[in-house]
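Numbers restart at 1 for each chain; the letters A, B, ... are given by sequence-line order, proteins then strands.
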Protein chains: 2
Amino acid sequence: MSAVRNTKQKQLVLSLLKNSGRPMTAGEIYRLAVQQYPNIAKSTVYRNLENLVSRGEVSQGMHQNGESFYSIADENRHLHYMICKGCKMMIDFPKCPLSNVEREIAKSSGFYVTGHSLQIYGYCKNCRDKAKI
Amino acid sequence: MSAVRNTKQKQLVLSLLKNSGRPMTAGEIYRLAVQQYPNIAKSTVYRNLENLVSRGEVSQGMHQNGESFYSIADENRHLHYMICKGCKMMIDFPKCPLSNVEREIAKSSGFYVTGHSLQIYGYCKNCRDKAKI
DNA sequence: ACTGTTATTGCAACTCATTTTCAATAAGCC
DNA sequence: GGCTTATTGAAAATGAGTTGCAATAACAGT
Ligand SMILES: [Mn+2]
Ligand SMILES: [Mn+2]
Ligand SMILES: [Zn+2]
Ligand SMILES: [Zn+2]
């Protein structure tokens with residue numbers, strides 16, 4: 001029962017994500033991966049990301065256009081992002097304002113909460129200065 | 001300058017959304033629309049939804065798979081949903097816990113907040129009973 | 001009601017992220 | 001090294017959403 005194999009491709013995907021200090025889409029990861037491992041297939045990148053997400057090593061979010069983004073999961077704090085509509089920069093928003101809220105909901109509605117998705121949109125300081133927003 | 005025309009198709013999309021007490025995807029709306037107006041085009045549904053969203057009559061959210069859902073906008077309160085992973089039911093979550101949070105962020109980071117996206121996932125009471133979750 | 005302008009439509013083709021299929025490959029246990 | 005099979009590469013398929021364009025119909029002006 002040799003369940004999981006530690007392939008070059010899996011290591012690469014994980015290391016790209018570790019070295020990039022920011023969340024990346026599967027497409028971005030693939031483009032970087034090809035530079036170091038020219039025959040890697042797009043599907044391989046997707047499969048490994050899916051895998052890493054399901055075992056909790058990587059966390060997944062979604063852009064407004066439906067495209068997923070991925071980042072290394074931090075065990076002892078889950079993050080959300082503020083996303084600038086100008087430059088697309090994603091700024092960590094480390095304190096989750098929903099921990100208590102979830103508990104209240106569970107209590108009052110009988111709904112069993114497993115997780116949530118939250119992102120905040122707007123314009124970063126930089127873009128506001130440039131575009132006078 | 002006869003900017004906007006009030007077409008049958010637009011009325012239909014809007015009325016389907018009004019009569020359904022729940023958010024629907026473009027696909028669901030299209031399938032219902034065809035029953036009453038057999039030649040309506042999928043693109044027409046999409047175009048009208050886009051239009052209604054941009055003028056604030058309809059609000060738009062996104063499922064975990066990237067598919068958009070739409071519902072009639074309520075002017076004086078914006079809603080979020082708790083979404084059951086079992087039966088896909090979407091339960092209104094009327095009080096937004098982020099109004100204050102947004103202000104704090106703006107103040108502390110210089111980020112100009114234009115909006116946010118929030119949904120809570122889990123299992124409704126019904127599904128918990130059935131599946132013993 | 002008739003006419004002309006043009007916003008909107010229907011349809012088909014397209015885009016693009018993601019998934020699937022399947023034969024070929026390579027991890028990792030012996 | 002040899003065997004088993006998880007994983008891969010390549011290509012095709014999927015599916016939501018978009019786009020180009022000629023035909024249509026809303027509606028303002030008459
Ligand atoms: Mn959170
Ligand atoms: Mn809110
Ligand atoms: Zn910015
Ligand atoms: Zn349910």
Side-chain angles (χ1 to χ4, degrees), chain A residues 1-17 23-55 57-71 83 88 90 117 119, chain B residues 1-17 23-55 57-71 83 88 90 117 119:
Chain A
M1 51 209 70
S2 76
V4 175
R5 291 180 191 179
N6 196 19
T7 64
K8 304 261 166 62
Q9 294 91 332
K10 182 173 299 177
Q11 291 169 37
L12 179 53
V13 167
L14 200 52
S15 84
L16 288 171
L17 225 30
M24 291 191 291
T25 66
E28 291 175 321
I29 295 167
Y30 172 65
R31 262 168 261 132
L32 290 177
V34 166
Q35 293 177 18
Q36 298 186 40
Y37 198 111
N39 321 358
I40 195 171
K42 221 185 328 170
S43 51
T44 298
V45 171
Y46 276 101
R47 282 186 285 229
N48 279 313
L49 285 170
E50 182 189 6
N51 219 281
L52 290 163
V53 167
S54 77
R55 55 173 57 210
E57 296 187 52
V58 164
S59 63
Q60 180 175 15
M62 195 177 284
H63 287 296
Q64 278 174 119
N65 62 1
E67 199 174 354
S68 286
F69 58 79
Y70 304 85
S71 56
I83 304 177
K88 312 299 178 195
M90 301 175 69
S117 157
Q119 25 253 76
Chain B
M1 48 210 73
S2 75
V4 175
R5 289 180 191 179
N6 197 18
T7 65
K8 305 259 166 64
Q9 294 90 334
K10 183 173 299 180
Q11 291 169 37
L12 178 54
V13 167
L14 201 51
S15 84
L16 288 172
L17 225 30
M24 291 191 290
T25 66
E28 291 174 320
I29 295 166
Y30 172 64
R31 259 169 265 132
L32 290 177
V34 166
Q35 293 177 19
Q36 298 187 39
Y37 198 112
N39 329 1
I40 195 170
K42 209 180 0 154
S43 51
T44 298
V45 172
Y46 275 102
R47 282 186 284 229
N48 278 314
L49 285 170
E50 183 189 7
N51 219 280
L52 291 162
V53 168
S54 77
R55 55 176 55 211
E57 296 187 53
V58 165
S59 63
Q60 181 176 16
M62 195 177 286
H63 285 297
Q64 277 173 119
N65 62 1
E67 200 174 352
S68 287
F69 58 80
Y70 303 85
S71 55
I83 304 176
K88 312 297 179 196
M90 300 175 69
S117 158
Q119 26 254 85

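One finds no side-chain N or O of B/Q9 lying less than 4.0 angstrom from the OP1 or OP2 phosphate oxygen of D/dA25. Checking the phosphate oxygens (OP1, OP2) of D/dG9, a side-chain nitrogen or oxygen of A/T44 falls inside 4.0 Å. Contact between the side-chain N/O atoms of A/S68 and the OP1/OP2 oxygens of C/dT18 is found at a separation under 4.0 Å. Contact check, A/T7 against D/dT8: a side-chain N or O comes under 4.0 Å of OP1 or OP2. Note on B/N48: a side-chain N or O is less than 4.0 Å away from OP1 or OP2 of C/dT9. Between A/N6 and the phosphate of C/dA26, there is no side-chain N or O to OP1/OP2 separation shorter than 4.0 Å. Distances shown here put a side-chain N or O of A/Y46 below 4.0 Å from the OP1 or OP2 atom of C/dT18.
Here the C1' atom of nucleotide C/dT15 and the CD atom of A/E67 are 13 Å apart, to the nearest Å. Protein atom CZ of A/F69 is 12 Å distant from nucleotide atom P of C/dT18, rounded to whole Å. The interatomic distance linking B/N39 (CG) with C/dT8 (C1') rounds to 15 Å, in whole Å. Between A/N65 atom CG and C/dT18 atom C1' the separation is 13 Å, expressed in whole Å. The distance from atom CD of B/Q11 to atom C1' of C/dT8 is 13 Å, rounded to the nearest whole Å. The distance from atom CG of B/L49 to atom C1' of C/dT8 is 15 Å, rounded to the nearest whole Å. Here the P atom of nucleotide C/dT9 and the CD1 atom of B/I40 are 8 Å apart, to the nearest Å. When rounded to the nearest whole Å, the span between CG of A/N51 and C1' of C/dT18 equals 16 Å.
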Does the side-chain contact (heavy atoms from CB on, under 4.5 Å) test come out yes or no for B/Q9 and B/N48, once each step is laid out? CA-CA 8 Å; B/Q9 294 90 334; B/N48 278 314; 4.0 Å; yes
Go through the steps to decide whether B/Q64 and B/I83 satisfy the test side-chain contact (heavy atoms from CB on, under 4.5 Å), and finish with yes or no. CA-CA 10 Å; B/Q64 277 173 119; B/I83 304 176; 5.9 Å; no
What's the verdict on side-chain contact (heavy atoms from CB on, under 4.5 Å) for B/F69 and B/M90, showing C-alpha distance, side-chain angles and the deciding distance? CA-CA 11 Å; B/F69 58 80; B/M90 300 175 69; 3.5 Å; yes
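The 5' end of DNA chain D is approached more closely, in terms of each residue's nearest nucleotide, by B/E50 than by the other of B/E50 and B/K8.
Closest contact between the side chain of A/K42 and the listed nucleotides C/dA12, C/dT18, D/dG9 involves C/dT18. Side-chain proximity of A/R5 to the nucleotides C/dA26, C/dT18, D/dG9 is greatest for C/dA26.
Scanning all heavy atoms of the two residues, the minimum distance from A/Y30 to A/I40 falls at CE1-O, 3.4 Å.
Residue B/K10 is in sugar-phosphate contact alone, with no base atom involved, counting any heavy-atom pair closer than 4.0 Å across all strands shown. Across all strands, B/Y37 comes closer than 4.0 Å only to sugar-phosphate atoms, never to a base (heavy-atom distances).
Side chains of A/S68 and A/Q60: a donor on one and an acceptor on the other come within 3.5 Å.
You won't find any donor-acceptor pair under 3.5 Å spanning the side chain of A/R47 and the base of D/dT7, going by distance alone.
For the pair B/E28 (side chain) and B/T25 (backbone), a donor-acceptor distance under 3.5 Å is present.
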